Asks: 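The structure that follows is given in the form of structure tokens.
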Amino acid sequence: MAGHAPEKEMTVRRRRLAAWVLALAVLTAGSALALDYSILRQWRSEFPKNAFANSRVELEGVFDIAHRDAIPAIEDPKFVPVAKSANIDEREPVIGVTIGGAARAYPLQVMTWHEIVNDVVGGVPIAVTYCPLSNSIIVFDRRLDGQVLSFGATGRLRHSNLVMYDRESETWWQQFTGEGLVGERAGAQLEILPARLESLARFRARAPQGVVLVPRNAGMRPYGQNPYPHYDSMRRPTQYFQGKLPAGIAPLARVVAVGGQAWALDFVREKGRIVKGDLEIAWEPGQLSALDAVMISTAKDVGNVTVRRRTKEGYRDEAHTIGFAFAFHAFHPGAIIAVR
């Protein structure tokens with residue numbers, strides 16, 4: 001378990017965090033874009049290769065939050081053996097990825113400040129992605145039509161969810177679904193890979209030879225701090241969501257989603273284990289929220305979830321996400337979220 005910083009250091013960290021949140025507020029002032037020529041000129045200036053005329057969505061619903069790459073994706077990730085990852089609480093959440101015998105963990109205390117990591121695991125080029133505002137953790141295969149893509153953050157949101165772009169064609173992509181939205185690859189679909197949102201302790205237990213992502217420059221951001229204090233206790237999403245809210249569940253309640261199916265995390269916690277056909281969803285305590293307390297290491301316990309599918313060869317992990325109910329409803333408006 002990570003030790004506590006001296007009080008003076010904690011005060012400095014909090015001041016830095018307050019300054020960052022203030023800067024974010026300035027960047028995010030405004031409302032949904034009314035698409036006009038001046039905005040299109042701005043977008044085309046930032047993304048000169050993007051074919052904006054080829055769009056699958058109404059661009060008026062896109063929010064301009066910041067400029068391209070203002071949240072910098074990690075292009076050359078650095079790792080340490082999981083046995084040496086002493087600067088993170090054992091209960092803190094990590095995105096655990098295992099491919100071809102290689103296991104890597106991407107802590108949310110780092111992902112919160114970068115949102116995208118372009119990596120290669122077990123010979124497979126992947127993009128590990130996290131959108132704090134929708135709490136969606138999704139890992140994509142970066143290969144598409146014989147080309148390996150590299151992803152960054154556009155600085156835009158749609159349904160309060162990260163809009164990514166690929167550096168090759170500058171097509172915009174929806175993080176929650178992996179669908180190409182605007183540009184040459186609009187309508188294309190990225191493959192979503194199985195991954196686990198789990199505590200560091202659980203990752204270490206199942207992958208003792210695994211490695212953990214660490215910042216190359218520990219002073220670049222206030223890693224370990226949450227820039228959205230108590231966000232997952234809010235009654236409503238931020239102003240960057242203007243869609244309809246789901247019925248029968250709090251908008252910022254966590255839901256376990258597999259494709260177009262979803263179960264409230266509270267329901268899964270209550271049951272401990274849910275079986276639907278060959279799908280198994282299980283919950284155990286021991287993982288902290290990344291969107292509760294200022295310091296993630298002091299946050300509330302939201303538990304660990306595993307989603308597996310039974311096959312002839314045994315159980316295998318199933319691709320899923322544990323996002324907020326409002327985001328799932330926005331992208332699957334006709335789906336029912338099981339609450340009991």
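These numbers come from a predicted model, not from an experiment. The analysis underlying the following values was restricted to heavy atoms, covering all of them including side chains, and did not include hydrogens, waters or symmetry mates.
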Asks: Would you call Arg202-Glu284 a salt bridge at under 4.0 Å N-O?
Replies: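 A salt bridge is present here (some side-chain N lies under 4.0 Å from a carboxylate O).
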Asks: Centroid-to-centroid, Phe241 to Phe324, below 6.0 Å?
Replies: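 They do not qualify: ring centres at least 6.0 Å apart.
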Asks: Could you tell me whether a side-chain N or O of Gln287 sits under 3.5 Å from a main-chain N or O of Leu197, the two making a donor and an acceptor?
Replies: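 Between the backbone of Leu197 and the side chain of Gln287 there is a qualifying donor-acceptor contact (under 3.5 Å).
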Asks: To the nearest 0.5 Å, what is the distance between NE2 (His332) and CD (Gln261)?
Replies: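 Taking NE2 in His332 and CD in Gln261, the distance rounds to 10.5 Å.
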Asks: Looking at CE of Met295 and OG1 of Thr298, how far apart are the two atoms once the value is rounded to the nearest 0.5 Å?
Replies: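 Between atom CE of Met295 and atom OG1 of Thr298 there are 7.0 Å.
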Asks: Should the pair Asp69-Arg167 be classified as a salt bridge under the 4.0 Å nitrogen-to-oxygen rule?
Replies: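 Yes.
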Asks: Any side-chain donor paired with an acceptor under 3.5 Å for Asp89 and Ser297?
Replies: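 No, Ser297 and Asp89 have no side-chain donor paired with an acceptor closer than 3.5 Å.
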Asks: Going by the salt bridge (charged side-chain N to carboxylate O under 4.0 Å, His left out) test, name the single residue among Arg142, Lys49, Arg185 that passes it with Asp166.
Replies: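 Result for salt bridge (charged side-chain N to carboxylate O under 4.0 Å, His left out) with Asp166: Arg185.
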Asks: Are Phe151 and Tyr165 near enough that their ring centres are under 6.0 Å apart?
Replies: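 No, too far apart.
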Asks: Would the distance check show the side chain of Asp301 and the main-chain N or O of Gly286 forming a donor-acceptor pair, the cut-off being under 3.5 Å?
Replies: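 Flag set: sc Asp301 to bb Gly286 pair under 3.5 Å.
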Asks: Looking at Gln175 and Leu162, would you say the former's side chain and the latter's main chain have a donor-acceptor pair under 3.5 Å?
Replies: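 A pair under 3.5 Å: no.
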Asks: Do the two ring centres, one from Trp172 and one from Phe52, sit under 6.0 Å apart?
Replies: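 Yes.
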Asks: Would you call Arg309-Glu318 a salt bridge at under 4.0 Å N-O?
Replies: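 Answer for the salt bridge query: yes.
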Asks: Ion pair present between Arg44 and Glu46, side-chain N to carboxylate O less than 4.0 angstrom?
Replies: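 Looking at Arg44 and Glu46, the cut-off is not met.
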Asks: Is a side-chain donor or acceptor of Thr112 paired with a backbone partner of Leu108 at a separation under 3.5 angstrom?
Replies: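 Here the side-chain-to-backbone pair exists.
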Asks: Determine, for Glu179 against Arg56, whether the closest basic-nitrogen to carboxylate-oxygen distance falls under 4.0 angstrom.
Replies: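 Here Glu179 pairs with Arg56 in a salt bridge, since their nearest N and O are under 4.0 Å apart.
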Asks: Distance-only, no hydrogens or angles: does the Asp292 side chain make a donor-acceptor pair with backbone N or O of Lys300 under 3.5 Å?
Replies: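 Yes, the answer is positive, given that a donor and an acceptor are paired below the 3.5 Å cut-off.
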Asks: Tell me if the centroids of the rings in His159 and Phe176 come within less than 6.0 Å of each other.
Replies: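 Ring centroids of His159 and Phe176 are no less than 6.0 Å from each other.
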Asks: Taking Glu75's backbone N and O only, do any of them form a donor-acceptor pair with Asn118's side chain (distance below 3.5 Å, no angle check)?
Replies: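 Not a single qualifying donor-acceptor pair exists.
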Asks: Taking Leu133's backbone N and O only, do any of them form a donor-acceptor pair with Tyr231's side chain (distance below 3.5 Å, no angle check)?
Replies: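 Indeed, once roles are kept as given, a pair shorter than 3.5 Å links the two residues.
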Asks: Do Arg204 and Glu90 sit within salt-bridge range, that is, some charged N less than 4.0 Å from a carboxylate O?
Replies: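 The answer is yes: the pair qualifies as a salt bridge.
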Asks: Between Thr129 (side chain) and Ile138 (backbone), is there a donor-acceptor pair under 3.5 Å?
Replies: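 Confirmed, Thr129 side chain pairs with Ile138 backbone.
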